[in-house]
Structures are given as C-alpha cells and as structure tokens.
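Quick note on labels: first sequence line is chain A, next is B, and so on, each numbered from 1.
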2 protein chains.
Amino acid sequence: MSKTSQAAGLHRASLAKLHELDAALELMYYGWRGMTLEADDYLAKQGLSRPHHRILYVVARRPDIAIGALIEILGISKQALNRPLNLLLERKLLTSKRSPEQHRSKLLRLTAAGQRIEQKASDRERKVMRQAFERAGASGAAAWMAVMEAIADSN
Amino acid sequence: MSKTSQAAGLHRASLAKLHELDAALELMYYGWRGMTLEADDYLAKQGLSRPHHRILYVVARRPDIAIGALIEILGISKQALNRPLNLLLERKLLTSKRSPEQHRSKLLRLTAAGQRIEQKASDRERKVMRQAFERAGASGAAAWMAVMEAIADSN
DNA sequence: GCCCTCATGTCAACTATATTGACTTGAGAG
DNA sequence: CTCTCAAGTCAATATAGTTGACATGAGGGC
C-alpha cells in the first residue's frame, strides 16, 4: 500500500555520479519520496492511498466538480476513477448530488470527515515543504518554485 | 505503461489554492512528471519502463553490484526485482557473472546496449533539469538543490 | 411522444508493479 | 556431510491503471 515503512530504500548519495546533473535527478526522486512519505503513512492508516488523496485534494479545491471534469484533471480513465471514488462515497468522505439545472451531471463535494482527512494528509506534505522553505529562506523558496515551474512547463 | 500520452492531465494552476503552500505541492507533482515524461516515452518505445530504468541507472553507477545490494538500493523485494531484471538480462542489456572469489554472489554489469539505453533515458531527464537550471541561473540551481535536500532528508 | 446525444455507471479482461510466504538451488565453510 | 546464505522460483494477493462493450437516465430537437 505504501512504498514506505522499512523501505528506507536508497540511502541518498550512495551512488557514483556519472554526470554533473545526476545529483539533481536523484534529488527529484528523493524529494518526491520525502514530501509524500508521512502523508502516505497517514493515508495507509485510514485504509486509503495516493489516488484517494488526489481525488480529495481536487474536490476540496473545486467543490461541486462534475465527474467528467474530475477525470480530466486527474488524467485517468473513468474506470480507473471508479473504484477509489466509490470507496470515498461509501465511506462518506464525499457526497454526490445532481445539479439543479444540469441534471445530467453529478456534483461532488467533501463531507466534514472528508475535509478532515484531506487536510491532515495535505498538512503532512505542507509541513515538509514549510520546513524546507524555512531553512532555505524566502529567496531560496522562490528560486525553488521558479525551477519547478520551468521543469513542469517543459512539456 | 506510461502515464504519458494524451494524459496531458491536470493543466497546472487550474485549482483554487486553499493554503499558501498548495502551489508547492502541485509543483512537486508536476515537476516529477515534467522531468520523467520524455524519458518514460523513450523507455516505452523500447518496451521498458521506470523500474527497468532504475535498475539500469543504479548498475551504471555501481558496476559489479550484487543482486542483494541492488535490492537494498532500490528498496524493493527480491521478487519484485526478479521480472524486470530478467527482462534486462534476456534483452542483453545487463550481464551477470559470478564473482571469482565470492562465488555466491552474481555481479551485474551493463552491456554496451544497456549503457546506451540508460544514457539516452537519463539524458532526457538531465536535459529537462539543465534547461530549468539555465533559466534559473547558478544561484537558483543551488537554491533548488538545497531545498530538495532538506525535503529528502526530512524523514 | 419519439429518438438522439451525452454524462455517468458498470462489467469483463488485461497489464504492470508491488507485496508476503514458502520453497529450491548451489556454493562455501566447518 | 551438513549448515548457512545468496540467489532463484512459485503461488497468492493487492493496487493502479488500461481498453472495450454495454446499460441507464436525463435533456433537447422535432
């Protein structure tokens, strides 16, 4: 469920660097791992995992989103969404209601319990980021964001 | 095999920010995606994927590594390593030989073909990083590394 | 009222990546 | 000859995703 636990995995910096930028590649990998590690542990304790969190995260920021729009934002198929979404509905972390005028669409919303879990999971990720930004200072944080934007937009 | 293709997925910045640090969470996600997108496409064309690349990457930087050590570095189980490793051996991208004195261990090494594929895949990741670092300048790159180190070491 | 479209829902089969547990093989050391 | 240990293999399971096919149900056009 989680790639975490004792899989301390790669003790960073144990590999020879063949290229100058190898350190950057590895930092991206370990950075992603480091940011999500605690959140994944928390989610696993709730019987949830990353895809559930992604759904909760998006719905929290787009209340009354329709299923089709959610599928687009997540970039997965309807069928892949189906299982985790139904679990969240069964667990009453999400509600779906038909829209008044657009009766074809179902609108998704977090319940109070869903909000709590979304917040706790995302908080764990934000905590890691906040600590790193505090160490780096405001200018370091801004530089990090600028580099990440350049990478994200490189497609 | 690849999460890529038309799954342009989340057009960045389409979500309302509930917290100041939400942008950072999303940038980490898109940054990872952005860095690995082209490499994953290339690997998919070779009939390979991320786990194969991880194996090739590590073996390239630790020639004559034993299987046990590889398992530790990758942080996966022996059984999970088995399939992708055997594929790489069948395809003659890796060779394994018994060590002269430590006959119990098999030592892994890249073939010329394995080196070529490892290099091409990693090059695509490095290219993305290099472009982002060029845009950010040397100080921006250093700041990015410092922040990522703080995140990676936060466990 | 009848049909077409379209969002949603569901079923089945498949692939890939991982897990744990149990067992075999093969070489070295005593 | 047996014990240990690295490596290999087999089976069952979970998770996360895919495509394809088809059902349902509401709105809109005529």
Give me, pair by pair, the N or O atoms of the protein and of nucleotides 3-5 of chain D that are less than 3.5 Å apart, along with how far apart they are.
unit_1: D:dC5; atom_1: O4'; unit_2: B:Arg104; atom_2: NH1; d: 3.2

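- The distance from atom CG of A:Asn82 to atom P of D:dA23 is 17 Å, rounded to the nearest whole Å.
- What separates CG of B:Asp40 from P of C:dT17 is a distance of 10 Å, to the nearest Å.
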Side-chain donor-acceptor distances from residues 132-142 of chain B under 3.5 Å, at least two apart:
none

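- With distances taken from any side-chain atom of B:Lys106 to the nucleotides D:dA16, D:dG8, C:dT10, the minimum falls on D:dG8.
- Each of B:Ile71 and A:Pro84 was matched to the nucleotide of DNA chain D holding its nearest heavy atom; the match closer to the 5' end belongs to B:Ile71.
- Using a cutoff of 4.0 Å between basic side-chain nitrogens and carboxylate oxygens, B:Arg124 and B:Asp40 are not scored as salt-bridged.
- Between A:Leu89 atom CG and C:dT8 atom C1' there is a gap of 13 Å when expressed in whole angstrom units.
- Residue A:Arg54 contributes atom CZ, which lies 16 Å from atom P of D:dT15 at whole-angstrom precision.
- For A:Leu87 and C:dT10, the CG to C1' distance is 17 Å, given to the nearest whole Å.
- Considering only side-chain atoms of B:Ser105, the nucleotide from D:dA16, D:dA6, C:dA7 that sits closest is D:dA6.
- Side chain of A:Asn86 to main chain of A:Arg83: no donor-acceptor pair is present (N/O by atom type, distance under 3.5 Å, no hydrogens or angles).
- Regarding A:His52, its NE2 atom lies at a distance of 9 Å from the C1' atom of D:dT15, rounded to whole Å.
- By the 4.0 Å N-to-carboxylate-O rule, A:Lys120 lies too far from A:Asp123 to be salt-bridged with it.
- Considering only side-chain atoms of B:Ile76, the nucleotide from D:dG17, C:dT19, C:dT8 that sits closest is C:dT19.
- A distance-only check finds no donor-acceptor pair linking the side chain of B:Ser154 to the backbone of A:Val128 [under 3.5 Å].
- Surrounding CD of B:Glu20 are at most 12 heavy atoms belonging to other residues, nucleotides or ligands under 6.0 Å away.
- At whole-Å resolution of the value, CG in A:Leu81 and P in C:dG9 are 9 Å apart.
- In plain terms, the two heavy atoms of B:Ser96 and B:Leu89 that are nearest each other are N-CD2, 4.0 Å.
- Both B:Gln79 and B:Arg83 sit near DNA chain C, but only B:Arg83 has its closest nucleotide nearer the 5' end.
- The side chain of B:Ser77 places no N or O atom within less than 4.0 Å of a non-bridging phosphate oxygen (OP1 or OP2) of C:dA18.
- Considering only side-chain atoms of A:Asn86, the nucleotide from D:dT19, C:dT10, D:dA6 that sits closest is C:dT10.
- The separation between A:Lys78 atom NZ and C:dC6 atom P is 14 Å, rounded to whole Å.
- Closest to the side chain of A:Pro51, from the set C:dA18, D:dA16, C:dT10, is D:dA16.
- The listed nucleotides are D:dT15, D:dT19, D:dA7; the one nearest the side chain of A:Ser49 is D:dT15.
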